[in-house]
There are 2 protein chains.
Amino acid sequence: MITEQIKQSYTEEQLQAAQFAKALSHPVRIAILELLNNESCCLHGDMAEVLPVAKSTLSQHLNELKKVGLIQGNIHPPQVKYCINRKNFMLAKLLFNNILK
Amino acid sequence: MITEQIKQSYTEEQLQAAQFAKALSHPVRIAILELLNNESCCLHGDMAEVLPVAKSTLSQHLNELKKVGLIQGNIHPPQVKYCINRKNFMLAKLLFNNILK
DNA sequence: ATAGTATTTCGTATATTTACGAATAAATAA
DNA sequence: TTATTTATTCGTAAATATACGAAATACTAT
């Protein structure tokens, strides 16, 4: 007789929500999103002057946000202008609101 | 002449939001919150049967959620019943909605 | 007291995250 | 071409997260 439960894996929504949450899980990344949301777009250099991390560290954090699609970078050589990706920004909001309802 | 910018630290809200986000940054913790939200309360043992992690690992994840105040555990020896902490649940929702507006 | 049940803590291994400065790349300006 | 500016990647160190089984805890029932 089989009594063991089949252990569920995770739904796509759970995985996606966790991924977005991970992107928000460091205060500097929250600060980046707030800057971009207020100023609409920002140069890497301008953010580096305000945020309390080294430029190379900032690049890493920007990359985390880019990886999950919350922001995008547009190159204006030699500068890079970052903006929020509204579509995924809204998707993240929706997923969180579904979980925290 | 002083030209260096004073680098800001983080606001309490940014730190708090990042902390909640970190708590949500693993799919099993998302799954736990969904279970508790649907069933109102769950025993550790019942969750351990459904979720794809060992019991000891589940305890660790429950502890992460407890630490940031998203859930609370009530002891009914020898079992432990976990419930959502509505106050902080709503606070997390509010903080995320402020960031993702 | 002893045994049984449910959960947590401990010990530990591995992977990931975070941080920084140095080096590199990529474009423009001199 | 060479220098300048801006941003990213590399190398690396330290901290944190994740996972599991074994052992410990804490209570109940016999």
Side-chain angles (χ1 to χ4, degrees), chain A residues 3-5 7-10 14-15 17-33 35-36 41-68 70-83, chain B residues 3-5 7-10 14-15 17-33 35-36 41-68 70-83:
Chain A
T3 52
E4 269 184 61
Q5 294 286 319
K7 295 221 175 175
Q8 300 177 346
S9 185
Y10 305 112
Q14 286 170 337
L15 292 169
Q19 208 173 30
F20 281 136
K22 185 142 83 177
L24 299 183
S25 73
H26 191 294
V28 81
R29 293 196 291 264
I30 301 269
I32 289 166
L33 290 180
L35 277 176
L36 296 182
C41 279
C42 295
L43 299 175
H44 175 130
D46 293 346
M47 292 193 276
E49 279 179 9
V50 175
L51 299 169
V53 288
K55 285 179 186 192
S56 59
T57 307
L58 178 57
S59 275
Q60 280 183 98
H61 285 295
L62 289 168
N63 201 43
E64 292 294 313
L65 291 169
K66 239 190 321 190
K67 250 174 39 192
V68 301
L70 285 173
I71 66 172
Q72 59 204 47
N74 304 305
I75 299 167
H76 302 272
Q79 300 175 315
V80 180
K81 201 171 179 179
Y82 283 97
C83 312
Chain B
T3 52
E4 268 185 60
Q5 294 286 321
K7 296 221 176 176
Q8 300 177 344
S9 186
Y10 306 112
Q14 287 170 336
L15 291 169
Q19 207 172 31
F20 281 136
K22 185 143 83 176
L24 300 183
S25 71
H26 191 294
V28 80
R29 293 197 290 264
I30 301 269
I32 289 166
L33 289 180
L35 277 176
L36 296 182
C41 279
C42 295
L43 299 175
H44 175 129
D46 293 345
M47 292 193 276
E49 279 179 10
V50 175
L51 299 170
V53 288
K55 285 178 186 193
S56 59
T57 306
L58 177 58
S59 274
Q60 281 183 98
H61 285 296
L62 289 168
N63 201 43
E64 292 294 313
L65 292 169
K66 240 191 319 191
K67 250 174 38 194
V68 300
L70 285 173
I71 66 172
Q72 60 205 46
N74 304 305
I75 299 167
H76 300 274
Q79 300 176 316
V80 181
K81 200 171 179 178
Y82 283 97
C83 313

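All of these numbers come straight from a predicted model, not from anything done at the bench. Naming: A, B, ... by sequence-line order, numbering from 1 per chain.
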Trainee: What pairs with K55(B) under side-chain contact (heavy atoms from CB on, under 4.5 Å), at least two apart in sequence or on another chain?
Mentor: H44(B), A48(B)

Trainee: Please walk me through it: do R29(A) and L70(A) pass side chain to side chain contact (heavy atoms under 4.5 Å, CB included)?
Mentor: CA-CA 10 Å; R29(A) 293 196 291 264; L70(A) 285 173; over 6 Å; no

Trainee: Work out which heavy atom in L36(A) is nearest to a heavy atom in Y82(A); give both atom names and the distance.
Mentor: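 Answer, listing the atom of L36(A) first, then Y82(A): CD2-O, 3.3 Å.
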
Trainee: Does the side chain of L43(A) come within less than 4.5 Å of H76(A)'s, by heavy atoms?
Mentor: no

Trainee: By side-chain contact (heavy atoms from CB on, under 4.5 Å), which residues pair with V28(B), not counting sequence neighbours?
Mentor: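 So V28(B) forms a side-chain contact (heavy atoms from CB on, under 4.5 Å) with Y10(A), H26(B), L51(B), V53(B), H61(B).
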
Trainee: Which salt bridge (charged side-chain N to carboxylate O under 4.0 Å, His left out) pairs, counting each pair once, include a residue from residues 17-28 of chain A, with sequence neighbours left out?
Mentor: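 Those involving residues 17-28 of chain A do not exist here.
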
Trainee: List in chain and number order the residues that pass salt bridge (charged side-chain N to carboxylate O under 4.0 Å, His left out) with K66(B), two or more places apart in sequence or in another chain; answer none if no residue qualifies.
Mentor: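 Checked K66(B) against salt bridge (charged side-chain N to carboxylate O under 4.0 Å, His left out); zero matches.
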
Trainee: Extract, from 5' to 3' on DNA chain D, the first and final nucleotides lying under 4.0 angstrom from some heavy atom of chain B.
Mentor: dA17(D) to dC27(D)

Trainee: Take nucleotides 1-17 of chain C nucleotide by nucleotide from the 5' end and write B, S or -, depending on whether a protein heavy atom sits under 4.0 Å from the base, only from the sugar-phosphate, or from neither.
Mentor: ----BSSBB-------S

Trainee: Please compare P77(A) and P52(A) by the position of their nearest nucleotide in DNA chain C and report the one closer to 5'.
Mentor: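 Whichever sits nearer the 5' end wins; that is P52(A).
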
Trainee: Measuring from L65(A):CG to L33(A):CG, what's the distance to the nearest 0.5 Å?
Mentor: 5.0 Å

